[in-house]
Number of protein chains: 2
Amino acid sequence: MNGKTPLKTRAAAKAAKKPRKRLSGEERRAQIVKVASGLFSKKGFKGTTTREIAKAAGISEAVIFKHFSRKEDLYKAIIDSRCSDNEGGPRLIGMLKGKSGREVFMTVAVYLLEEHQKDPSFMRLLTYSALEQHSLSELFLKTRAMELLGFLEDKIHELIRDGLMRDVDPALAARAFIGMVDHYSIGQELYGFKRYFRRPLEEVAESFVDIFLEGTRR
Amino acid sequence: MNGKTPLKTRAAAKAAKKPRKRLSGEERRAQIVKVASGLFSKKGFKGTTTREIAKAAGISEAVIFKHFSRKEDLYKAIIDSRCSDNEGGPRLIGMLKGKSGREVFMTVAVYLLEEHQKDPSFMRLLTYSALEQHSLSELFLKTRAMELLGFLEDKIHELIRDGLMRDVDPALAARAFIGMVDHYSIGQELYGFKRYFRRPLEEVAESFVDIFLEGTRR
DNA sequence: CTCTGGTGAGTAAGTACTTACTTTAATACG
DNA sequence: CGTATTAAAGTAAGTACTTACTCACCAGAG
């Protein structure tokens, strides 16, 4: 058992116990953001302690405060990393340009359902943020949500002008569509609906697009 | 001013400061539940302190613990008072019996939108509860949400059978409809959409019912 | 007098955040 | 090349304050 370290047992034990990886500032920062993000999404900002974050990251609390002077700053760093341009939003809008009506709505539905399914923690984070009135939801609203709704609104307007849709309120119709899709994901992930009810992602998307497009067809 | 109590100034000041209403046990209990409910819905369970509750109710913390041995018990009492049979749910389902397709969906939409607008705090409470995985959301899901969805599902099934609707997945369609309506309220209240976008309640309900019914029409 | 509704002043266990200190790795230099 | 220097990465053990929850006691209606 202790054959290797008959003497110096304390130092040896310590060394054995802690194969401590020493990370660079940037690496550690990113790790903390990732760990905290996961915890905040599960338990909320108030519900997560800096101690827990430190423990989960395998470091002492002081390290967190070397990188983020306040717990609140950690939240902001998470926002930046989650809402940064390299992932998400812009990609979707880019995918939509030049597509036909049905293709647009189908793409949006599949994209949103896939995103939620791939990473349900973001939706939780966003919802917590909205409730706790942090800026994440505000930022997300103004960058992502509004952009997508605006795009759909324009598209609907265009379809109406071209006589392909009935004369519905474009803003309301856009929200109706996003509502169907988002609310489905929220039900599955937050309210535990998936225990009672589950459909293949494509089937869900197809159904919603059908209902929406038939409902708005001229 | 102090003609009545020239002496005993301390006692007099105290008496003047606190026109303390002495409530019966039941009254006090109900008051605490009401106050706590409002605070929990604004700041969440973890985000609300017993001290805040006491202050808001104009009593000392100890009184709270005379009525509820743990903070958690207060949550349960709130659940009971919010989900009790006398208000909400059953009334809605009752209103729906024997109505035609359009009437059913219109009634549901108006009802949900009105409820959310009348008391947005319940939605917040419910959402917090779902995130924090308290039993309120579970209970609500099993009593109210499932019941309403089940009713709509049956109605849709019936309408399909009678050749009044296309052959859509009834469960999915029911969720699509509730999704449009609920998601609209959530957007308005939680994500602050109402700063940018507002429509009369009836117009919103009518639009959603239109989109849904046209979309599912045979 | 008594019993119920009410209190002020605790307590122990957290909480975010700090301080004084140690370890490690890369670099400057004799 | 090895060794002193330095600065960053890391820590244990605090601090000041908040938290849920308690307890010994009080006041006034019946």
Side-chain angles (χ1 to χ4, degrees), chain A residues 8 10-36 39-40 42-78 132 134, chain B residues 4-5 8 10-36 39-40 42-78 132 134:
Chain A
K8 284 177 163 189
R10 232 183 55 172
K14 208 176 176 186
K17 222 178 198 173
K18 296 207 175 185
R20 54 167 89 119
K21 338 163 197 173
R22 198 182 177 87
L23 299 184
S24 79
E26 272 309 305
E27 286 170 324
R28 184 62 81 196
R29 212 185 134 91
Q31 186 220 6
I32 292 170
V33 166
K34 195 176 166 189
V35 166
L39 287 171
F40 285 156
K42 274 185 209 116
K43 328 186 26 167
F45 182 75
K46 290 229 136 187
T48 305
T49 67
T50 50
R51 194 187 297 182
E52 281 176 308
I53 297 169
K55 196 173 182 181
I59 53 176
S60 69
E61 272 185 271
V63 176
I64 293 173
F65 290 98
K66 280 261 160 72
H67 290 279
F68 308 94
S69 59
R70 286 174 305 142
K71 191 187 173 190
E72 191 84 23
D73 290 354
L74 228 181
Y75 215 103
K76 292 193 177 178
I78 290 171
E132 290 171 341
H134 277 110
Chain B
K4 261 187 173 178
T5 55
K8 283 176 162 192
R10 234 183 56 174
K14 210 175 174 185
K17 221 177 199 173
K18 296 208 175 188
R20 53 167 90 119
K21 340 161 194 175
R22 199 182 177 87
L23 301 183
S24 80
E26 271 310 304
E27 285 170 324
R28 186 61 83 195
R29 211 185 134 93
Q31 185 218 6
I32 294 170
V33 166
K34 195 178 167 189
V35 166
L39 287 171
F40 285 157
K42 276 186 207 116
K43 330 185 25 167
F45 182 74
K46 292 228 136 187
T48 304
T49 66
T50 49
R51 193 187 298 183
E52 283 175 307
I53 298 168
K55 196 172 182 182
I59 51 175
S60 69
E61 274 185 88
V63 176
I64 294 173
F65 290 98
K66 281 261 161 70
H67 290 279
F68 307 94
S69 60
R70 286 175 304 140
K71 192 187 172 190
E72 189 83 25
D73 289 356
L74 229 181
Y75 215 103
K76 292 193 178 178
I78 291 171
E132 289 171 342
H134 277 109

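Each chain gets a letter, A, B and so on, in the order its sequence line appears, and its residues count up from 1.
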Whole-Å distance between [N] [atom2] and [X] [atom1]?
X       : N      : atom1 : atom2 : value
A/Ile59 : D/dT11 : CD1   : P     : 7 Å
B/His67 : D/dC21 : NE2   : P     : 16 Å
B/Glu26 : C/dG6  : CD    : P     : 13 Å
A/Arg28 : C/dA25 : CZ    : C1'   : 15 Å
A/Ile32 : D/dT11 : CD1   : P     : 10 Å

Side chains of residues 55-69 of chain B: which donor-acceptor partners sit under 3.5 Å, not counting sequence neighbours?
{"residue": "B/Glu61", "atom": "OE1", "partner": "B/Thr50", "partner atom": "OG1", "Å": "2.7"}
{"residue": "B/Ser69", "atom": "OG", "partner": "B/Asp73", "partner atom": "OD2", "Å": "3.0"}

Check nucleotides 3-8 of chain D against the protein and report each pair of N or O atoms closer than 3.5 Å, with its distance, or say if there are none.
{"residue": "D/dA8", "atom": "N3", "partner": "A/Arg22", "partner atom": "NH2", "Å": "3.3"}

* Tell me, yes or no, whether the heavy-atom count around A/Lys42 atom NZ, taken from other residues, nucleotides or ligands under 6.0 Å, exceeds 12. => no
* Taking the side chain as every heavy atom from C-beta outward, state whether A/Gln31 and A/Lys34 have any atom pair closer than 4.5 Å. => no
* Report the residues that fulfil side chain to side chain donor-acceptor pair (under 3.5 Å) with A/Glu27, sequence neighbours left out, ordered by chain and then residue number. =>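 Partners of A/Glu27 under the side chain to side chain donor-acceptor pair (under 3.5 Å) test: A/Ser24.
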* How many angstroms lie between atom CZ of A/Phe40 and atom CD1 of A/Ile78, to the nearest 0.5 angstrom? ->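 Between A/Phe40 CZ and A/Ile78 CD1, I get 5.0 Å after rounding to 0.5 Å.
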* To do: Could I get the full list of salt bridge (Lys or Arg N to Asp or Glu O under 4.0 Å) partners for B/Lys43, not counting sequence neighbours?
  =>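 Scan of B/Lys43 (salt bridge (Lys or Arg N to Asp or Glu O under 4.0 Å), adjacent residues dropped) gives B/Glu52.
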* Partners of B/Glu72 by salt bridge (Lys or Arg N to Asp or Glu O under 4.0 Å), sequence neighbours excluded? ->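 Partners of B/Glu72 by the salt bridge (Lys or Arg N to Asp or Glu O under 4.0 Å) criterion come out as none, since no residue qualifies.
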* To do: Look at the side chain of B/Lys66 and the base of C/dG6, then say whether one donor and one acceptor between them are separated by less than 3.5 Å.
  => yes
* Name the orientation class of the two ring planes belonging to B/Phe45 and B/Tyr75 (parallel below 30°, tilted from 30 to 60°, perpendicular beyond 60°). =>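 Answer is perpendicular, since the angle exceeds 60°.
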* **Sugar-phosphate, base or nothing in reach of B/Ile64, heavy atoms under 4.0 Å** => nothing
* Structure fact -> In B/S/- notation (B base, S sugar-phosphate only, - none; protein heavy atoms under 4.0 Å), nucleotides 12-18 of chain C written 5' to 3' is ---BSBB
